[in-house]
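The structure appears right after this line, and notes come after that.
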Amino acid sequence: MAEYDQPPLSHPVPPDTPRAGFARGLSGAAILAALALACAAAPLMADGSAVHRLDADPVAAALLDGRGSLSFALLAAVLGGLLGIGWALLAGMLGTLTGSRAERRTIAAAQRMAGWPLALLVPLAGGLMGPVWLLALVTALTAAPAVATLAHAELSGLMRAEFLTAARAAGLAEGEVVRRHLIPNLARPLLAAGVLALPRVLAAESFASLLGLGLPPALGSWGASVGLAARLGDPVAFVPPALLLALALWAACAIADGMAAGQRKP
Amino acid sequence: MTDASVLGATKPAPVETEALTLMLGDRVLLDRATLRVERGQVLAITGGAGSGKTALLGALAGRLPAGVDMAGSARIDGHLLIAQGGRLAPRRPLALQVAEVVGHHLGLDLRSSLRRMADGLDRMGVPAAARRFDLPPEQLPEQLRWACLFAMAVAVGPAVLLADAPAAGLDPTVRLRLLHRLADWARADGVALVLAGRPEDGLAGPADRVLALRRARLLPPSPARTEPLAPLEQPGAARLHARGVGMSYPLAPGPRGEARSLAVLHGIDLDVRTGETLALLGETGSAKATLARSLLCLPPPTAGAVVWMGRDLMAASAPPAAADGRGDGRGDDPDRGGLRRARRDLQPLFPDPAASFDPAMTLGAQFGLVLESLRPDIAADRRDHRIDEALEEAGLRPEAALRWPSALSVAEAAHAGLARAILSEPRVLIADEPASSLSAEERETFLDTLMAVRDRRRLSLVLATERYDEGLRDAHRGVVMLAGRVVESADAGTLRTAPLHPYSRAMLAAAQGERPALEGDAPSAFAQPAGCPLRRRCPLAREFCAQAVPTLEEVAPGHHVACHYWDTPTDG
Ligand code: SF4
């Protein structure tokens, strides 16, 4: 009789990688923190107060640019995260108060918008509008739908959790259930969803600045420096901001991934 | 030795092991097992989770799991291993996967592989209409996937078939039918069939020989408890009444915007007496869990009434302004309509105990909340004492109160769930498959604890389960449910010995390891046949069954059956 054994191809078993994202998220956070520190300390490297950007040491200049990029990204990410989370909470609230139709519509809008190339709005806004805070708001808006989608998925998963039923069986009123059980368990997943905004706003801003339509030149931005260096054909000025930007983007993505991975059940 | 010469003269068996020893690190999984499976013999190996069944099958198949060392010898003829859970790639069309496996083993092309597969499906009793090879396995019902896997094995026709946890997760009646067909094929074609699974999977029924893998040894299984621990006491007066309880879920509106809903529970009447244990028996889709939750009003049913000690719970659980008052102050009245009082008396046990604890709080903190809410009469400084008592009564140590839910094992979580349920000194426990996540021995321990608690506190117990024998073993009365309706209700003794409804008979047969007299698979909730929900599977079905849903009629005192032809003999 022929020798039987399992065929090689037909039964691939997906490998499970528990908490693989965690280490990545941690290193991402460390790198981003180091970058932020370096950027904050950059003025000490560039001697004195007045920094003549183009003739300064390119690394110091790139670090100075990082101050603009990173602080803008932080501002927009906080705004975007809050907007997205608020969106998801609004949908959830609509769902409980007026029925699941309204909830589904609200969140379907976010899902649809998350697929649009909203990042294109940022250079548009940068070209048309003056104040930085308006630009931050628009950038935040581009990131909000994705955050809302994820936050809502987490929220509705949690709303179905068995332990909420158990709490109701213990006679807790709905307000109590929300206060004692829902909110403590919601903080982490919502934070994870909010962090999703960080890589998005950083990328959107860099893209806009690259086109010269992003942050005002006075603030400085990696995207702008990369664009300028490319246009001038200056590799020495090009490499440091491009590298730093790539590093920051990777770190932001790693943090967002790590948070989301830590959230998923093992 | 004469023995050896006799053995040498006969043909060697397809599976033979000699002092086979398996070690996982320094833990002995299997200690010097000598095993022999003849052609056409069906061997069942049962054992709890982690007892080493998978490692044993792996050793037989020559593919030891990582980290397991082997000593001794194992000899096996051309074999095929059906791994745990089937291991089909979820998104590739089934036909391709089958052809790959069959073709790999027999060197056939796609057409001939599929033809052999079709023969196999015939032997597994899958009707031609249900064969959808072009679909990926993830879109096929679980039962069809298992039938396909078995059919694939039949198509390959190995000398030995090893199956790890075959058809696990299917309903007992469906599982036993498939396993019996597989065993029939093995006997007819002279295949040595080794089935491994948990003791409660009912593998023993179709097998010729059963060995239990316990403490690293293969031994004859010890019979499970069939009698109640202590003689059951006579129940008192009825306290919990359900009248016409129905549940339907809203669906997306139809093509013309009309509201649609899916009814899963149809007007159930039920009485639970004090000190009575009532088993709700049913398989997937029977809505026994929905009924259990409706009794607790979590969520309240959409039709009918649930009355506890003369108080209508549904009126109490609906806030005055809206049907669903989440998130604002409306629900904060401490004892709305006596609901909290009723919650104190009616406590649930959940099917997934680990998920029923808030991961962000220690057990003690959650128990404290329960006491604070349900037993305001217990002073705050007495609460810890009460919690320790409940934990000990449920078979845990008081220190468990300091632990986080994620640190509990499944069994500990189940016991902790029991502890929480008895914290408020309830009168009724409503348990929905409370032990389904536990394996054999843990399960017995848990059920014994539950029954001891019940007897000590003279609790009423509503126990929803798909295990017919186990549910009825400790019950006064049983209610068999099918597709949201009660099809038979009688005292436990009658249901265990002489049920009348074809579905109850099938469940009994499956529980005893016999071949259930039902054909085909359970229909989905969205495609219920008109008339009797069982009629496509029922051996007694006639024309009329399609026209009217049978109603419950009393066939003997306290014995109700919903079937048009319950008095027809099965073989008629
Ligand atoms: S009513 Fe008909 S189909 Fe239903 S169980 Fe009775 S005989 Fe079978």
Side-chain angles (χ1 to χ4, degrees), chain A residues 1-16 89-90 92-101 103-105 108 155 157-189 262-263 265-266, chain B residues 61-63 77-81 83 87-89 92 96-98 100-101 104-107 156 158-160 250 293 296 298 319 322 324-334 336 339-340 343-344 346-348 350-352 355-361 366 369-370 373-374 405 417 420 424:
Chain A
M1 189 137 215
E3 184 55 39
Y4 293 113
D5 63 330
Q6 281 305 95
L9 275 171
S10 65
H11 293 171
V13 186
D16 45 348
L89 289 179
L90 178 76
M93 215 125 91
L94 278 177
T96 42
L97 293 184
T98 65
S100 57
R101 275 291 270 304
E103 176 175 5
R104 241 179 295 130
R105 293 233 171 113
L155 177 67
L158 201 56
M159 297 275 273
R160 282 194 300 270
E162 190 92 297
F163 63 84
L164 296 184
T165 313
R168 288 187 191 114
L172 292 191
E174 287 302 324
E176 288 278 278
V177 174
V178 169
R179 192 165 62 82
R180 306 254 200 169
H181 293 289
L182 193 60
I183 293 177
N185 281 290
L186 207 51
R188 251 190 72 118
Q263 211 37 58
K265 293 273 168 298
Chain B
R63 303 197 297 142
D77 286 347
H79 62 272
L80 186 72
L81 173 69
R87 300 268 171 94
L88 286 168
R92 298 185 62 204
L96 276 182
Q97 302 195 39
V98 166
E100 239 174 47
V101 178
H104 170 85
H105 287 301
L106 303 180
V156 171
V160 180
R293 302 221 160 183
L296 291 159
L298 285 173
D324 189 0
R326 242 176 259 165
D328 51 81
R330 266 184 319 210
D332 285 346
D333 171 13
R336 252 176 317 127
L339 183 64
R340 191 166 286 195
R343 292 251 180 269
R344 167 176 161 183
L346 308 174
Q347 277 289 308
F350 293 95
D352 182 359
S356 73
F357 287 102
D358 185 340
M361 274 187 193
Q366 302 188 46
L369 258 185
V370 172
S373 161
L374 294 181
R420 173 172 59 189
S424 63

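Every value quoted in this text rests on a predicted model; they were computed, and no experiment measured them. Per chain, numbering begins at 1; letters A, B, ... match sequence-line order.
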Distance alone, cut at 3.5 Å: any donor-acceptor contact between the side chains of B:Arg343 and B:Ser373?
no
Of the backbone (N, CA, C, O) and the side chain (C-beta and beyond), which part of A:Arg180 lies under 4.5 Å from a heavy atom of chain B, both, or neither?
both
Restricting to non-hydrogen atoms, name the atom on A:Glu103 and the atom on A:Gly95 that form the minimum distance, rounded to 0.1 Å.
OE1-CA, 3.2 Å
Before giving the answer on side chain to side chain contact (heavy atoms under 4.5 Å, CB included), spell out for A:Met159 and A:Leu182 the whole-Å C-alpha distance, their side-chain angles and the decisive distance to 0.1 Å.
CA-CA 8 Å; A:Met159 297 275 273; A:Leu182 193 60; 3.8 Å; yes
By a 4.5 Å heavy-atom criterion (distance strictly below it), what part of A:Ala169 contacts chain B: side chain, backbone, both, or neither?
both
So, B:Arg420 side chain and B:Ser356 main chain: donor-acceptor pair closer than 3.5 Å or not?
yes
Note: vs chain A, highest number of non-hydrogen pairs under 4.5 angstrom among B:Gly417, B:Pro348, B:Ala355, B:Ala360 is B:Ala355
Heavy-atom proximity to chain A below 4.5 Å, by part of B:Arg344:
neither
